[in-house]
Participant: 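Submitted below is the structure of interest, expressed as structure tokens.
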Amino acid sequence: MSQHQQECDVVVLGLGPGGEHAAAVLAGKGLDVVAIDERLVGGECPYFGCVPSKMMIAAATALQQARRVPGLAGRADVRPDWGPVASRIRDEATDDWDDKVAVERLEAAGATFVRGRGTITAPREVTVDGTAYVARRGIVLNTGTTPGAPPIDGLAETPFWTNREIVKVTELPASLTVIGGGPIGCELAQVLATFGVAVTVVEVADRLIAVEEPEASDLLTRAFAAQGIEVVTGARIQRVEHAGDAFTVVLDDREIVSERLLVAAGRRNNLAGIGLEHVGLDPEARVLEPDQRMRVADGVWAVGDITGKGAFTHVSMYQADVVVRDVLGEDGPWADYRAVARATFTAPEIGSVGLSEAAARQQGLDVRVATGDLGSRGWLAKEEGLVKLVADRSRGVLVGACVVASTGGEVLSMLATAIHAEIPIATLAEMHFAYPTFYRAVQPVLRDLL
Ligand SMILES: Cc1cc2nc3c(=O)[nH]c(=O)nc-3n(C[C@H](O)[C@H](O)[C@H](O)COP(=O)(O)OP(=O)(O)OC[C@H]3O[C@@H](n4cnc5c(N)ncnc54)[C@H](O)[C@@H]3O)c2cc1C
Ligand SMILES: NC(=O)c1ccc[n+]([C@@H]2O[C@H](COP(=O)([O-])OP(=O)(O)OC[C@H]3O[C@@H](n4cnc5c(N)ncnc54)[C@H](O)[C@@H]3O)[C@@H](O)[C@H]2O)c1
């Protein structure tokens with residue numbers, strides 16, 4: 001039984017990027033919003049995810065550029081130092097993992113912030129530490145994820161790192177094994193390798209970043225090899241051991257020993273134990289399937305990673321805008337995932353939007369595919385990369401695109417626009433493409449699709 005009860009219009013449970021955004025906007029519109037988080041306002045992205053990792057990547061990119069000087073522009077003496085990276089993450093990005101500024105911003109927008117673990121205790125009711133917050137309009141769930149650890153023998157007993165520990169590292173190890181060759185594993189593996197750490201990536205699938213195009217995985221694997229990063233794919237880890245200063249990852253046919261171990265093998269949605277059964281949802285659910293308005297039950301909306309529509313900050317915020325419109329009784333636009341864009345910030349970047357070739361074929365579309373290299377600009381910059389376009393031949397439009405280049409995530413923008421707005425390929429192919437930009441590499445690939 002709750003001791004206290006407090007009424008409001010909306011409770012936002014979990015303040016990842018989407019929850020924080022929805023709470024601030026709804027409060028700004030004059031609604032009485034109670035915003036709850038047990039950790040830090042803003043969630044994984046600003047403190048343990050996108051922001052610190054991209055700050056690391058900015059530093060690694062500077063080193064990589066300097067290392068390109070020989071053969072292109074003379075000589076450069078590069079001596080990596082993790083010190084400035086660690087300080088920037090602590091001081092500029094995370095305020096030493098303190099969310100005071102974010103809390104103040106939320107309160108300035110008019111929301112009531114409650115720090116603590118919230119649980120749904122009845123329809124439209126969330127309880128934190130004995131106080132029940134009763135929401136007249138409903139509850140927005142944005143509880144996000146926790147780093148997952150695969151059920152590997154011995155792993156749980158070792159002091160392995162996840163993204164939450166590695167972003168706080170002030171001194172780099174001599175060697176690192178990374179379990180998981182997805183976006184987190186690949187981005188962080190490459191950063192540390194660029195700073196001189198001997199890195200091995202162990203991936204159970206048969207290629208890195210297996211959700212993206214195989215051509216992108218090939219290019220990335222070649223880039224990793226050129227940097228001396230060892231990649232073991234199709235790996236079956238039997239057990240993990242830790243003794244003294246060493247981790248041992250035991251595979252079927254070999255052992256990998258390193259000073260540190262990073263587990264980046266996927267995330268677990270924070271849905272267990274939050275009281276889903278009180279709103280008619282399955283308490284064992286691993287993902288909440290929303291309708292177009294992000295509703296998952298009567299008086300309950302969900303946004304972010306827990307919806308399984310793409311574990312990205314921009315998806316969480318996009319969905320939050322949809323929820324805001326629904327809460328305010330507006331008339332859409334509602335959620336549409338045809339043109340979800342994403343960029344993996346490796347070197348080269350893998351920028352993708354919409355469907356991969358495999359996903360388009362699986363959907364039974366009339367698929368046509370074309371690929372090309374980075375054209376004149378790639379040659380001028382001495383850069384390897386690719387453009388791959390996936391078309392729905394019957395409609396004459398693009399349904400997917402992948403660009404691998406130092407600027408893959410930026411070149412992507414025109415392709416995301418094309419897919420989002422369903423611009424005919426014939427119209428796109430006859431645009432002006434400035435010479436010699438990277439995006440000009442898209443034109444011959446478009447023409448191959450005509
Ligand atoms: C290393 C790394 C790098 C990444 N890089 C990128 C990138 O470059 N670009 C990109 O788009 N995405 C990136 N992501 C993914 C991105 O961080 C997430 O998709 C994003 O944070 C959105 O998550 P979310 O909105 O679902 O909630 P989360 O950010 O997971 O936040 C959920 C919040 O809910 C709170 N919470 C959970 N349960 C409760 C409860 N019962 N009571 C109270 N509070 C609760 C948590 O404390 C947390 O603050 C990265 C992730 C990681 C880990
Ligand atoms: N730049 C970005 O936008 C960015 C960056 C990082 C993360 N993210 C988001 O965060 C999500 C989570 O990232 P992630 O990389 O942790 O998860 P992921 O699920 O995308 O990748 C995890 C990888 O670990 C592998 N794996 C799982 N169990 C394993 C085992 N026992 N042994 C070896 N390999 C194993 C999987 O096959 C997979 O390739 C991503 O899906 C992405 O949406 C985005």
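Atoms within a ligand are numbered from 1 in the order they appear, just like the ligands themselves.
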Participant: Would you mind telling me if ligand 2 is within reach of the side chain of Glu187, the backbone, both or neither, using heavy atoms under 4.0 Å?
Facilitator: side chain
Participant: Considering the heavy atoms of Pro150, write down every atom of ligand 2 situated less than 4.0 Å from one of them.
Facilitator: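 Answer for ligand 2: 31 (N).
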Participant: Under 4.0 Å, heavy-atom basis, I'd like to know which part of Asn142 is in contact with ligand 1: side chain, backbone, both or neither.
Facilitator: both
Participant: Is the closest basic N to carboxylate O distance between Arg338 and Asp336 below 4.0 Å?
Facilitator: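 Asp336 and Arg338: salt-bridged.
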Participant: CD1/Ile184 to CG/Leu262 distance, rounded to the nearest 0.5 angstrom?
Facilitator: 8.5 Å
Participant: Would you say NE2 of His278 has more than 12 non-hydrogen atoms from neighbouring residues, nucleotides or ligands within 6.0 angstrom?
Facilitator: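 For His278, atom NE2 is crowded (more than 12 foreign heavy atoms under 6.0 Å).
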Participant: Find all atoms of ligand 2 within a distance of less than 4.0 Å from any non-hydrogen atom belonging to Val202, and give their numbers and elements.
Facilitator: 33 (C), 34 (N)
Participant: Quick test of your reading of the model: are Glu289 and Lys309 salt-bridged, counting only N-O distances below 4.0 Å?
Facilitator: yes
Participant: If you apply the rule side-chain hydrogen bond (donor to acceptor under 3.5 Å, both in side chains), what do you find for Glu44 with Thr145, and how did you get there?
Facilitator: CA-CA 8 Å; Glu44 205 73 8; Thr145 64; 5.3 Å; no
Participant: Is the closest N or O pair between Glu44 and ligand 1 shorter than 3.5 Å?
Facilitator: yes
Participant: For ligand 2, which atoms have a heavy atom of Phe345 less than 4.0 angstrom away?
Facilitator: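 Atoms satisfying the 4.0 Å criterion: 1 (N).
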Participant: Do the side chains of Arg124 and Asp298 get close enough for a salt bridge, i.e. N-O under 4.0 angstrom?
Facilitator: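 Salt bridge flag = yes for Asp298 with Arg124.
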Participant: What atoms of ligand 1 come closer than 4.0 angstrom to any heavy atom of Arg117?
Facilitator: 40 (C), 41 (N), 42 (N)
Participant: Give the minimum heavy-atom separation between Ala320 and His21, together with the two atoms involved.
Facilitator: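 Closest approach of Ala320 to His21, heavy atoms only: CB-CD2, 3.9 Å.
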Participant: Below the 3.5 angstrom mark, is there an N/O of Asn270, backbone or side chain, next to an N/O of ligand 1?
Facilitator: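 Looking only at distances, the answer is no, because the N/O contact criterion of under 3.5 Å is not met.
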Participant: Give the single entry among Gly266, Gly185, Gly182, Ala343 that approaches atom 17 (O) of ligand 2 most closely by any heavy atom.
Facilitator: Gly266
Participant: Can you sort out which atoms of ligand 1 are near Gly49, meaning under 4.0 Å from one of its heavy atoms?
Facilitator: 1 (C), 2 (C), 3 (C), 4 (C), 52 (C)
Participant: For Ala235 and ligand 2, answer yes if some heavy atom of the residue is under 4.0 Å from a ligand atom, otherwise no.
Facilitator: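 Per 4.0 Å heavy-atom rule, Ala235 does not contact ligand 2.
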Participant: If I take atom CZ from residue Arg267 and atom OG1 from residue Thr146, how far apart are they, to the nearest 0.5 angstrom?
Facilitator: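 Answer rounded to 0.5 Å: 7.0 Å.
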Participant: Quick check: Glu203 and ligand 2, any N/O pair under 3.5 Å apart?
Facilitator: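 Yes; the residue has a nitrogen or oxygen that sits under 3.5 Å from a nitrogen or oxygen of the ligand.
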Participant: Under 3.5 Å between some N or O of ligand 2 and some N or O of Ala205?
Facilitator: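 By distance alone, the answer is no.
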Participant: Could you find the nearest protein heavy atom to atom 6 (C) of ligand 2 and give me its residue, atom name and distance?
Facilitator: Ile184 CG1, 3.4 Å
Participant: At a 4.0 Å threshold, what atoms of ligand 1 neighbour a non-hydrogen atom of Gly118?
Facilitator: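 Reading through ligand 1 atom by atom, the close ones are 40 (C), 41 (N), 42 (N), 43 (C).
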Participant: Out of curiosity, Ile306 CD1 to Leu288 CG, how far, rounded to the nearest 0.5 Å?
Facilitator: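 Going from the CD1 atom of Ile306 to the CG atom of Leu288 covers 5.0 Å.
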Participant: Just which atoms of ligand 1 are under 4.0 Å from any heavy atom in Leu15?
Facilitator: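 Reading through ligand 1 atom by atom, the close ones are 33 (C), 34 (O).
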Participant: In terms of residue, atom name and distance, what is the protein heavy atom nearest to atom 33 (C) of ligand 1?
Facilitator: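 That would be Asp37 OD2, 3.4 Å.
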Participant: Identify the closest protein heavy atom to atom 12 (C) of ligand 2: which residue and atom is it, and at what distance?
Facilitator: Arg267 CG, 3.5 Å
Participant: For atom 40 (C) of ligand 2, what's the nearest protein heavy-atom neighbour? Residue, atom name and distance, please.
Facilitator: Pro183 CG, 3.9 Å
Participant: Run the salt-bridge test on Asp96 and Arg90 with the 4.0 Å N-O cut-off and return the result as yes or no.
Facilitator: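 Result for this pair is no, no salt bridge flagged.
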Participant: When rounded to the nearest 0.5 angstrom, what is the spacing between CG in Leu188 and CD1 in Ile57?
Facilitator: 7.0 Å
Participant: Are Arg325 and Glu330 close enough for a salt bridge, meaning some N to O gap below 4.0 Å?
Facilitator: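 No.
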Participant: Evaluate Glu212 against Thr344 for side-chain hydrogen bond (donor to acceptor under 3.5 Å, both in side chains), listing each step before the verdict.
Facilitator: CA-CA 10 Å; Glu212 301 298 356; Thr344 304; 5.1 Å; no
Participant: Side chain, backbone, both or neither: which part of Ile274 has a heavy atom under 4.0 Å from ligand 1?
Facilitator: side chain
Participant: Does Arg164 have more than 12 heavy atoms from other residues, nucleotides or ligands lying within 6.0 Å of its CZ?
Facilitator: yes
Participant: Taking heavy atoms and a distance under 4.0 Å, where does Cys50 meet ligand 1: side chain, backbone, both or neither?
Facilitator: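 Near ligand 1, Cys50 shows its backbone as well as its side chain.
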Participant: Using a 4.0 Å cutoff against the non-hydrogen atoms of Phe48, which atoms of ligand 1 qualify?
Facilitator: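 Contacts of ligand 1 toward Phe48, numbered from 1: 1 (C).
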Participant: Is Glu383 salt-bridged to Arg377, cutoff N-O under 4.0 Å?
Facilitator: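 No salt bridge links Glu383 with Arg377.
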Participant: Looking only at distances, can you tell me whether any N or O atom of Ala311, backbone or side chain, sits closer than 3.5 Å to an N or O atom of ligand 1?
Facilitator: yes
Participant: If you measure from the Lys or Arg side-chain nitrogens to the Asp or Glu carboxylate oxygens, is any gap between Arg115 and Asp99 under 4.0 Å?
Facilitator: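 Salt bridge between Arg115 and Asp99, a charged N being under 4.0 Å from a carboxylate O: yes.
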Participant: So, does Gly116 sit close enough to ligand 1 that a heavy atom of it is under 4.0 Å from the ligand?
Facilitator: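 In this structure, Gly116 qualifies as a contact of ligand 1 - some heavy atom is under 4.0 Å.
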Participant: Got more than 12 heavy atoms from elsewhere within 6.0 Å of CD, Gln362?
Facilitator: no
Participant: Under 4.0 Å, heavy atoms only, figure out whether ligand 1 is touched by the backbone of Ile184, its side chain, both or neither.
Facilitator: side chain
Participant: Using a 4.0 Å heavy-atom threshold (strictly under), name the region of Leu40 that reaches ligand 1: side chain, backbone, both or neither.
Facilitator: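 Leu40 to ligand 1: backbone contact only, side chain stays beyond 4.0 Å.
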Participant: Any idea which atoms of ligand 1 are less than 4.0 Å away from a heavy-atom of Asn163?
Facilitator: 1 (C), 53 (C)
Participant: What about Gly304: any of its N or O atoms under 3.5 Å from an N or O on ligand 1?
Facilitator: no
Participant: With a cut-off of 4.0 Å, which atoms of ligand 2 are near a heavy atom of Ile179?
Facilitator: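 Near Ile179, meaning under 4.0 Å from one of its heavy atoms, ligand 2 has 32 (N), 33 (C).
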Participant: With a 4.0 Å cut-off, would you call Arg295 and Asp326 a salt bridge?
Facilitator: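 Yes, Arg295 and Asp326 are salt-bridged.
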Participant: To the nearest 0.5 Å, what is the distance between CD1 (Ile179) and CD1 (Ile237)?
Facilitator: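 Separation between the atoms: 3.5 Å.
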Participant: Between Ala311, Gly409, Gly234, which one has a non-hydrogen atom sitting closest to atom 43 (O) of ligand 2?
Facilitator: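 Comparing heavy atoms across Ala311, Gly409, Gly234, the nearest one to atom 43 (O) of ligand 2 lies in Ala311.
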Participant: What do you reckon, does Ile152 have a nitrogen or oxygen under 3.5 Å from a nitrogen or oxygen of ligand 2?
Facilitator: no
Participant: For ligand 1, is there an N or O atom under 3.5 Å from any N or O atom of Phe312?
Facilitator: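 Yes - when backbone and side-chain N and O of Phe312 are compared with those of ligand 1, one distance drops under 3.5 Å.
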Participant: Going by the closest heavy atom to atom 34 (N) of ligand 2, which one wins out of Leu208, Ile209, Val204, Leu251?
Facilitator: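 Nearest option to atom 34 (N) of ligand 2, by heavy atoms: Val204.
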Participant: By number and element, which atoms of ligand 1 are closer than 4.0 Å to a non-hydrogen atom of Thr145?
Facilitator: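 Here the atoms of ligand 1 in question are 30 (O).
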Participant: Does ligand 1 have any atom that is closer than 4.0 Å to a heavy atom of Arg267?
Facilitator: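 Contact present.
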Participant: With heavy atoms of Ile237 as the reference, note each atom of ligand 2 found under 4.0 Å away.
Facilitator: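 This gives 32 (N) as the contact atoms.
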Participant: What protein heavy atom is closest to atom 28 (N) of ligand 2, reported as residue, atom name and distance in Å?
Facilitator: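 Going by distance alone, atom 28 (N) of ligand 2 is nearest to Ala265 CB, 3.7 Å.
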Participant: Mind checking whether Glu38 has an N or O less than 3.5 Å away from an N or O of ligand 1?
Facilitator: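 There is such a contact, yes.
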Participant: What part of Ser53, side chain, backbone, both or neither, has a heavy atom within less than 4.0 angstrom of ligand 1?
Facilitator: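 Under 4.0 Å from ligand 1, Ser53 contributes side-chain atoms alone.
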